[in-house]
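The structure under discussion appears below in the form of structure tokens.
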Amino acid sequence: MLNIGDSVSFLFKEKNWLLKFGIIFFLSFLVNACGVIMDMVGNNSATYQPDPNQALLLLGLFGASLLLTLIYSVIGIWYTYEVVQSGIQKRATKLIWEYSFADVIKKISKYFFASIVYGIIIFVFIVIIVVIPLLAGLVLLAFLNSLTGPDGLRVATAALPAIALVLTCVAILAMLVIGSLIYMFTMPAYLRLIATNTFAEAFNFKSNFRIGRKYFWYFLAAILVIMVTAFAMGLGIGVLEVLASLVAGSNQLLQGITQLLIQIPFTMVVTYLAFFVYTRMIGNLYRNIITKESELKFLREVK
């Protein structure tokens, strides 16, 4: 169903694969590099006497970081859309300028506004399921404390560690359940939008939720593959950063240079996993779902 082999290798079989990867990698690295340089300048300002020129430099870096993040987000949406759709349609990916400008804007806009709508739905859901009961519980606890008087308050205070532990466990469990429900609810919606290029199809709630529930473990397996790989990569990068700090010592410039060098392989792997492996894997999964589900048979000939 996931076709992991294709997800990992498809990019390298395509024409201009280095350019396709290089564009989004370059943007990702610039965003990360801005953060590293800002930290380096900020640490230098904290260590030595403040310099107005450094404040201006930080402000300029902050503005550049915001602009780069905006560009990266827009291009990232397009990459996600294109690679997922290539998996669904079993075709090679295209460079952004191989489409008309209007087509690119339409795809990005559809995905962006669908994300906003689902964000609002999720926010309301969390408020109803989590926030309101939590506030009600706090009000009830305060009311009970007021009834029991000082002695009751002391008992409640003594029990706080146990209460905090229980609430933490409940909160973690609730977040896992809510996160799973959100993932099951939204992922098929985005995939249907991308498969049809039709904004309204993202809101076929009954069908999308049924697909998400039926194939939930496949969707979960796809994201777990990436999460485990990213976690292992994060541990490796953490070890490298500690070693780099030991080597660089208190030299801020050397620390900054080593951090930038470390960002290169880290950004390469994360970019590849996020924008090519995971997206293609999800596209492959949805293509297989389309072949199995009669209600999605209208998508079998969509190009």
For this session: For the pair L191 and L285, evaluate side-chain contact (heavy atoms from CB on, under 4.5 Å) and give the outcome as yes or no after the intermediate values.
Result: CA-CA 10 Å; L191 289 170; L285 173 59; over 6 Å; no

Problem set entry | Other residues, nucleotides, ligands: >12 heavy atoms within 6.0 Å of F205 CZ | yes

For this session: Measure the spacing between NZ of K90 and CZ of F10 and express it to the nearest 0.5 Å.
Result: 14.0 Å

Problem set entry | CG on L67 to CZ on F62, rounded to 0.5 Å | 12.0 Å

Seminar exercise, completed: Scanning both residues in full, the closest heavy-atom pair of N284 with R287 reads OD1-NH1, 2.9 Å

Exercise. Ignoring hydrogens and geometry, is there a side-chain-to-backbone donor-acceptor pair from S109 to K106 under 3.5 Å?
Worked result: no

Problem set entry | side-chain contact (heavy atoms from CB on, under 4.5 Å) between F25 and I264, worked out | CA-CA 9 Å; F25 161 72; I264 295 174; 4.3 Å; yes

Problem set entry | Evaluation steps, side-chain contact (heavy atoms from CB on, under 4.5 Å), between Y286 and L296 | CA-CA 10 Å; Y286 200 65; L296 298 177; 3.9 Å; yes

For this session: Can you sort out the partners of N208 under side chain to side chain donor-acceptor pair (under 3.5 Å), two or more places apart, ordered by chain and number?
Result: R192

Exercise. Is a side-chain donor or acceptor of N204 paired with a backbone partner of A200 at a separation under 3.5 angstrom?
Worked result: no

For this session: Scan residues 211-227 for pairs that pass side-chain hydrogen bond (donor to acceptor under 3.5 Å, both in side chains), counting only residues two or more places apart or in two chains.
Result: K214-E293, Y215-E293

Seminar exercise, completed: Between the CD1 atom in I24 and the CG atom in L19, the distance rounded to the nearest 0.5 Å is 12.0 Å

Exercise. Between Q263 and F29, is there a donor-acceptor pair closer than 3.5 Å when you use the side chain of the first and the backbone of the second?
Worked result: no

Seminar exercise, completed: Residues pairing under salt bridge (charged side-chain N to carboxylate O under 4.0 Å, His left out) where one sits in residues 255-279, two or more places apart or in two chains, turn out to be none

For this session: State the OG-CD1 distance between S100 and I105, to the nearest 0.5 angstrom.
Result: 9.5 Å

Problem set entry | Summary of side-chain hydrogen bond (donor to acceptor under 3.5 Å, both in side chains) pairs that have at least one residue in residues 70-79, sequence neighbours excluded | none

For this session: Working to the nearest 0.5 Å, report the span between OH of Y111 and CG of N197.
Result: 13.5 Å

Problem set entry | Cluster overlap F101 with V104, hydrophobic side-chain contacts below 4.5 Å | no

Exercise. Taking only residues at least two apart or on different chains, which pairs with a member in residues 258-284 satisfy salt bridge (charged side-chain N to carboxylate O under 4.0 Å, His left out)?
Worked result: D6-R280

Exercise. Taking only residues two or more places apart in sequence, or in another chain, which ones meet K20 in a side chain to side chain donor-acceptor pair (under 3.5 Å)?
Worked result: E14, T93

For this session: Report the C-alpha separation of C34 and L68 in whole Å, then their side-chain angles, then the decisive distance to 0.1 Å, and conclude whether the side-chain contact (heavy atoms from CB on, under 4.5 Å) test is met.
Result: CA-CA 9 Å; C34 273; L68 285 170; 3.7 Å; yes

Exercise. Is a donor on one side and an acceptor on the other found under 3.5 Å between the side chain of T279 and the backbone of F276?
Worked result: yes

For this session: Using the rule that two of Ile, Leu, Val, Met, Phe, Trp, Tyr join whenever any of their side-chain heavy atoms come within less than 4.5 Å, decide whether I23 and V269 are in one cluster.
Result: yes

Seminar exercise, completed: Residues A222 and I282: closest non-hydrogen pair is CB-CD1, 3.9 Å

Exercise. Within a strict 4.5 Å, meaning less than it, do heavy atoms of the I289 and F219 side chains meet?
Worked result: yes

Exercise. Does any N or O in the side chain of Y118 come within less than 3.5 Å of the main-chain N or O of A202, such that one atom is a donor and the other an acceptor?
Worked result: yes

Exercise. Minimum heavy-atom separation for Y190 to S115, with atom names?
Worked result: OH-CA, 3.4 Å

For this session: Please name the pair of heavy atoms, one in V117 and one in F203, separated by the smallest distance, quoted to 0.1 Å.
Result: CG1-CE2, 3.4 Å

Exercise. What closest approach, in Å, do G5 and S9 show between heavy atoms, and which atom pair accounts for it?
Worked result: O-OG, 2.8 Å

Seminar exercise, completed: Here the gap from I121 atom CD1 to I116 atom CD1, rounded to the nearest 0.5 Å, amounts to 12.0 Å

